[in-house]
Structure formats: C-alpha cells, structure tokens
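Here the structure is laid out as structure tokens; the discussion comes afterwards.
Lettering of chains follows the sequences in order, A, B, ..., and the numbering in each one begins at 1. Bear in mind that the values here come from a model prediction, so they are computed numbers and not experimental data.
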Number of protein chains: 2
Amino acid sequence: MDLPLEDTGLRVDRSTKTLRERTVERLRDAILNFQFKAGERLVERTLCDRLGVSRTVVREALRHLEAEGLVEILPQQGPAVARPDTSQAAQVYEIRALLEAEAARAAAANADEADVARLVDANRAIQAAFAEGTSRDVLKATTEFYELLFTIAGKSVAWQLVQGLNARINYLRAMTISRPNRSADAGAEMVRIIEAIARRDGKAAAKASFEHVETVKRLAVSMLEDVSLLRTGP
Amino acid sequence: MDLPLEDTGLRVDRSTKTLRERTVERLRDAILNFQFKAGERLVERTLCDRLGVSRTVVREALRHLEAEGLVEILPQQGPAVARPDTSQAAQVYEIRALLEAEAARAAAANADEADVARLVDANRAIQAAFAEGTSRDVLKATTEFYELLFTIAGKSVAWQLVQGLNARINYLRAMTISRPNRSADAGAEMVRIIEAIARRDGKAAAKASFEHVETVKRLAVSMLEDVSLLRTGP
DNA sequence: TGCCGTATTACGGTATCCCATAATACCGTT
DNA sequence: AACGGTATTATGGGATACCGTAATACGGCA
C-alpha cells in the first residue's frame with residue numbers, strides 16, 4: 001500500500017483549471033454579486049472581450065450556468081441572467097428548512113469540541129459582517145457557517161443542493177439581510193442552533209434550524225408581496 | 001389588464017427546440033438507459049458522427065450534462081459517463097426520503113378524488129411494468145407516479161431536485177428494481193402511501209413515503225456492500 | 001522479454017465563416 | 001405628422017479548420 005515516494009510535497013501540480021472552468025466561476029461570481037441586473041442579456045461577443053476568451057469558451061460556460069439555473073436562454077434571443085422566480089422562492093426556503101434541519105441534527109450527533117468552537121467562530125464572523133460589512137460580506141460569512149455545519153454533519157450532497165438553491169434566491173437573501181434588526185434576530189437564532197449542537201441535542205438543533213429558515217422564509221415572502229403591491233400601484 | 005386578443009389558442013408556436021437542446025436530451029436518455037457503460041469515455045468526434053451534429057453542439061451538450069452530474073470531465077482526458085459515487089448514494093436516498101415525505105404530506109392536503117384516482121392508476125402502471133416489462137419500464141412508470149405526486153403536492157422545485165438526484169443513482173434504482181420480491185413489497189408500500197393520501201392523513205402519508213425510501217435505501221446499500229465484497233474477493 | 005521512441009488520438013482552445021432572425025433605424029408616401 | 005414598408009445591424013445557432021499538448025498505442029530494437 002505504501003509508496004516509496006510520499007505523495008506529499010512532491011506531486012506535480014495538475015490542478016491547473018481549464019479556461020472554461022475559470023470562466024464559469026468568474027461569471028457565476030459576477031451574477032451572484034449582482035454585477036449584472038436580473039434579466040440582463042449576456043451578449044456572447046461582449047463577454048468574450050470583457051473576459052478575454054474565445055466565444056467557444058464563453059458559450060460552453062453559459063451552457064453550464066444555464067444548467068445551474070443562473071442563466072436562462074430566451075428563445076429567439078439568447079442568454080440572459082435568470083430572473084428570480086418568485087413563485088418558487090417559498091418552495092426553495094421550505095426545502096432548505098428540511099435539509100438544514102437534518103444537517104443540524106446530524107451535526108449534533110457528530111460534532112466534537114473543536115467543531116463546536118469552529119461553529120462559534122463562524123457565527124462571530126457573521127455578526128462581524130453584519131456590524132461592519134456589506135450584505136455581500138454577510139452572505140459570504142453565512143455561507144461559510146453553513147458549509148461548516150454540513151461538513152460536520154457529513155452531508156456533502158445536501159450541501160451541494162443547498163448551494164444550488166441559494167443561488168436561485170440570492171437576491172432575496174441579500175434583501176432579507178439588509179432588513180433592519182435582522183442582525184440581532186438572526187444572531188439569536190444561530191446561537192440557539194449552536195447551543196443545541198453543543199448539548200448534542202439533535203432534535204433541538206433540527207428544530208432551531210428549521211425555525212430559522214421558516215423565519216427567513218416569512219420575511220422573504222412578505223417582502224415579495226410588498227414589491228408586487230408596489231408594482232400594481234398603491 | 002385584459003387584452004382584446006385572448007392568449008389562448010392563437011399563439012405562434014415558438015417551441016422549435018434548438019439542435020443543442022435535442023442533443024442534450026438524446027444523450028441524457030442514452031446515459032440513463034445504460035447505452036453507455038459507467039466511466040466510458042465520450043469521444044466528441046465519435047458522438048458527432050453518431051448524432052449527426054457538429055462538435056460545437058456536442059461540446060455544449062456535454063457541458064450541460066456535466067453540470068447535471070451525468071458526465072464528468074476527466075483531467076487530461078476529456079468527457080466520460082459519470083461513475084456512480086457509492087459513498088454518496090446513501091445521502092441521496094436520505095434526501096429523497098425527506099423530500100418525498102413532504103410531498104406526500106402536501107399531496108394528502110391537496111388531493112381531490114380525481115387526483116387519488118390518478119395515483120391509483122399510476123401505481124397500477126408500475127405493477128404492470130413489474131409484471132411484464134423491463135426494469136426500464138418500471139423506472140419509467142415509477143417516475144411518472146412520483147411526478148404526479150409532486151405535481152399534486154405543488155412541489156415543482158423539489159421534483160426537479162429529486163429528478164436530478166435520481167439521475168445520479170439511476171443504476172442503483174435499476175438494480176433494486178430487479179431484485180426478487182421487490183414487486184410485491186414495493187406495491188404494498190405504494191398502496192400505503194396512496195391510502196393515507198386518500199384518507200387526507202398527511203402524517204401517515206409522509207411516514208409511509210419516508211419508510212418506503214428508507215427501505216429502498218437499505219436495499220441499495222446492502223447491494224453496494226455485496227458488490228464491494230465481490231471486488232475485494234470472497 | 002523489456003524498453004524506448006514515434007505515431008496516433010483526442011481534447012482544450014482559437015479563429016472564422018455562414019445563416020436566420022429580431023430589433024432598430026430609415027425613408028418615402030400620403 | 002403619422003404610417004407602412006424596407007434596409008441595416010446585432011446577435012445567436014451552428015459548422016469548420018486549425019493548433020498545441022497530453023495520453024496512449026504501437027512497433028522496432030536491444
């Protein structure tokens with residue numbers, strides 16, 4: 001089993017990602033950071049210039065993002081930034097509630113002291129971002145917290161799904177975050193989750209996690225209703 | 001708000017799918033129907049000949065399927081049929097259990113008499129496929145049953161996720177189906193789900209649905225263990 | 001038999017080319 | 001000035017041809 005040559009330190013770096021992969025990442029990042037408006041057309045030749053790659057690469061990247069749901073191809077028009085589907089947003093939150101609750105339950109079963117400490121740190125980072133960062137920073141810190149939670153839980157597949165779901169409601173997440181008082185409330189909700197995990201109380205962790213998402217869902221739905229009221233007139 | 005011209009019936013048909021879309025479907029179908037072996041290399045130019053389209057189209061289709069998880073791009077080699085990840089299979093079943101249980105619960109709340117009748121029909125189709133069809137037929141009938149369930153439940157997003165998950169464990173589904181006695185057991189499990197829905201008993205429907213997936217999961221995991229035992233020798 | 005060098009294969013990527021069509025600008029007529 | 005039709009442009013869908021490079025197959029030589 002053991003090789004005479006250790007794997008560590010001597011390996012040739014094969015990780016040079018392809019241009020296409022890096023293009024996908026760049027575009028995904030740009031979309032998730034609102035560098036394009038929702039519904040904005042993504043003109044291939046323009047992207048070629050701005051990204052410095054050929055049209056082939058851009059097109060393949062767009063196909064990938066289309067499958068992820070971040071880009072939609074409008075018939076007879078071409079690729080555009082996917083417009084958020086408000087009718088599906090509530091469903092997304094409901095699914096997240098299920099998955100995150102299960103993750104919290106499993107994390108409570110698996111976590112050791114070091115894991116709990118890491119969760120506490122990650123939550124502190126969220127609070128710090130709330131205090132002095134942009135909503136993007138909060139989003140990033142929150143993502144890292146949940147990545148940690150799902151990792152501790154050993155739920156890699158669920159985490160992939162959650163990331164895909166979050167991408168679809170990214171704009172809503174940013175909106176709910178910049179809501180007044182959201183910082184304190186969210187902090188308290190997170191603390192309840194962490195404390196339950198620290199107590200190894202899976203049931204309570206699942207419940208706290210579920211309720212946290214339900215809260216955010218209600219917030220998001222009410223904001224959506226406000227927006228649609230605005231549109232149809234006062 | 002009302003247009004002088006009704007939307008219905010007069011619309012111009014814009015649904016002519018692009019070559020790329022049809023190529024994606026063809027390839028996806030071929031993979032899910034085991035026309036390629038797992039891990040088999042998908043040589044672009046060969047596919048061009050066999051599909052009768054240009055490399056541009058084939059490559060974009062492969063990128064799309066890569067994002068779906070059906071195709072993996074091997075470094076320094078190129079595209080290949082994704083090899084099933086046995087370590088993730090259990091997770092996939094667990095997530096399905098959650099989502100399908102929720103769908104069953106919601107379906108129990110929403111279903112009217114006609115819906116229940118449709119579910120009964122769909123289950124009959126599954127049994128018919130078990131009796132006189134191939135495992136592919138069973139897979140197809142089962143998919144239709146669940147599509148119906150999720151539609152009644154109004155859970156379109158969850159259904160999308162489940163379809164994506166099922167694609168990743170397609171081979172396992174086919175294996176568990178061709179297991180002896182699976183027909184009768186599965187039939188009984190489905191009947192319990194349907195009866196609970198007919199009684200409008202959401203809790204029981206969720207429970208029956210959850211347990212059904214748990215059963216299949218145990219079956220799949222034990223089959224995976226058998227296979228890996230075979231590989232390491234008796 | 002074992003090894004080495006070469007030929008082949010195939011991908012990632014680029015650059016063009018063509019065609020169909022949607023949107024827009026333009027222009028002449030009434 | 002308003003309308004109707006036409007020319008232009010922008011853009012995507014799709015097809016080729018080509019290059020450099022890495023993996024692999026092969027064939028000859030020791």
Task: Check: Thr18(B)/Glu21(B) side-chain N/O donor and acceptor closer than 3.5 Å - done: yes
Open item on the list: At under 4.0 Å between heavy atoms, how does the protein contact nucleotides 11-26 of chain D? Give one character per nucleotide, 5' to 3', with B, S or -.
Closed with: BBBBBB-B---SSS--
- [ ] Indicate whether any N or O donor in one side chain lies under 3.5 Å from an N or O acceptor in the other, for His64(A) and Glu60(A).
- [x] no
Open item on the list: Without decimals, in angstroms, what is the distance between Leu51(A) CG and dT14(C) P?
Closed with: 11 Å
Task: With Gln163(B) via side chain to side chain contact (heavy atoms under 4.5 Å, CB included) - residues at least two apart - done: Trp159(B)
Open item on the list: What is the distance, to the nearest angstrom, from the CD atom on Glu72(B) to the P atom on dC11(C)?
Closed with: 15 Å
Open item on the list: Check Asp121(A) with Arg118(A), please: is the shortest side-chain N to carboxylate O separation under 4.0 Å?
Closed with: no
- [ ] Answer with yes or no whether the side chains of Asp137(B) and Thr134(B) bring together a donor and an acceptor at under 3.5 Å.
- [x] yes
